[in-house]
Amino acid sequence: MWSEEASALVNADRSLTELRAVGPFTATFISRWFAELPDVGAPPPIRDGFLTYAHARAVVAQHPEWAAALRADHQMHSDETDGSAPLEGMAVAAAELGRQRIAITDHSKTLRITNGMDEARLAAQGRRIDELNARGDGPRVLRAIEMDLTPEGASDMDPGALARLDLVLGAFHSKLRLKDDQTDRYLKALANSDIQVLAHPRGRVYNFRVGLTADWERVARAAAATGTALEIDAYPDRQDLDVEHLRAVAASGAWVSIGTDAHTTGELVFLELGVAAAILAGISRERVLNCLDDQTLADRVGVVRAAKRRGSAERSDTTMAGGKRERIDTTPGRKGGSRYLRRDGAGRFSNDQTSAGRSVAADKRIAAKNKAPKGMKDRGD
């Protein structure tokens, strides 16, 4: 996360103590390593494929044609859920960095550990955003959300509330340590008619979680087919998708969206990590949502929504014709308003059962235990 490589300071005969958190003692060790480079093996998968901030800045500096991508940040959080600053503070900080558009993507209601928003709070935040935009003295603020997806790819918010937003990100926040292939899980999520962006797809975290496994070429093709953008989460310890997986996205012609996933104003600077990953992977600028102007982005979101609804209706008709009718009950207020799956014919599921396949009692037990591990930042994932 240093803004410059240590080698640049050594080559310029500058003190290493200019680097953040480096004092004389640490500077001595770094100087010794430059004098006689130690043999450092390949990093384990849990620490592999991450760019340094200094490297990312250098890559972006060499490609000024990507400046438009740096003007929009499509994921950040406010103190409405698990961020540390109000949305007005995030907007001011973004403006100081030259951002012209930001998406406030606070968490949805199922993610209780982050104080996730229900439909009423989401609507109230939307009104505050409209008031902020009416002032016209800052970046355009998109009404958005990072909605929790069940492992089956289902939403946890009312579709009507989501339809009033400018952008909907869907994200997995559970069962992220499974080792078996999760391709089907991604295909279901990408077909979800409520979302336009699949956020931090792998779910990896540096030195904490390696992320999910899938046939990424197939996932990328499905993203291209549904019009769903795959996110480049530029948060330093996420960088998800990474350069290697983004090459499959580039080959498929799928869209990408770049966001810092910032939870503080200071984390907004890391957008360059996501832009650099796109450059290094060969992503076309014409397939980056950040590069679109406001109206073109709105048009794009509308096209994706309409296409997905048509596809969903066609799948529903096919299912009903085959005698396997299922429907999703999106009634708000039912144990947090989660979406309940019912089967009309065989009666396998009853009206008062399941949130993402769990009983209400199981939900309560999980909520009671769902606390961040000691020493870990409480970010709900």
State whether Phe50 and Arg204 meet the cation-pi test: NZ (Lys) or CZ (Arg) under 6.0 Å from the six-membered ring centroid, and within 45° of the perpendicular axis. yes
Counting only heavy atoms not in Arg218, do more than 12 sit closer than 6.0 Å to its CZ atom? no
Is there a path of hydrophobic side-chain contacts, each under 4.5 Å between heavy atoms of I, L, V, M, F, W or Y residues, that connects Ile258 with Leu142? no
Quick one, Thr110 with Asp148, criterion side-chain hydrogen bond (donor to acceptor under 3.5 Å, both in side chains). Give me CA distance, side-chain angles, the key distance, then yes/no. CA-CA 7 Å; Thr110 297; Asp148 190 32; 4.6 Å; no
Take Arg128 and Glu80, measure what salt bridge (charged side-chain N to carboxylate O under 4.0 Å, His left out) needs, and give me the verdict at the end. CA-CA 12 Å; Arg128 288 174 57 202; Glu80 183 72 30; 3.8 Å; yes
Does the gap between the ring centers of Phe270 and Tyr235 come in under 6.0 Å? no
Can you label the angle between the His77 ring and the His107 ring as parallel, tilted or perpendicular, going by 30° and 60°? parallel
If you draw the axis of the six-membered ring of Tyr186, does the NZ or CZ of Arg221 fall within 45° of it and under 6.0 Å from the ring centre? no
Ile102 with Leu70, same ILVMFWY side-chain cluster at under 4.5 Å: yes
same_hphob_cluster(Leu273, Val256) at 4.5 Å side-chain heavy-atom cutoff: yes
Do NZ/NE/NH1/NH2 and the carboxylate oxygens of Glu4 and Arg14 come within less than 4.0 Å? yes
Taking all non-hydrogen atoms of both residues, which atom of Leu271 and which atom of Ala69 are closest, and how far apart? CD2-O, 3.9 Å
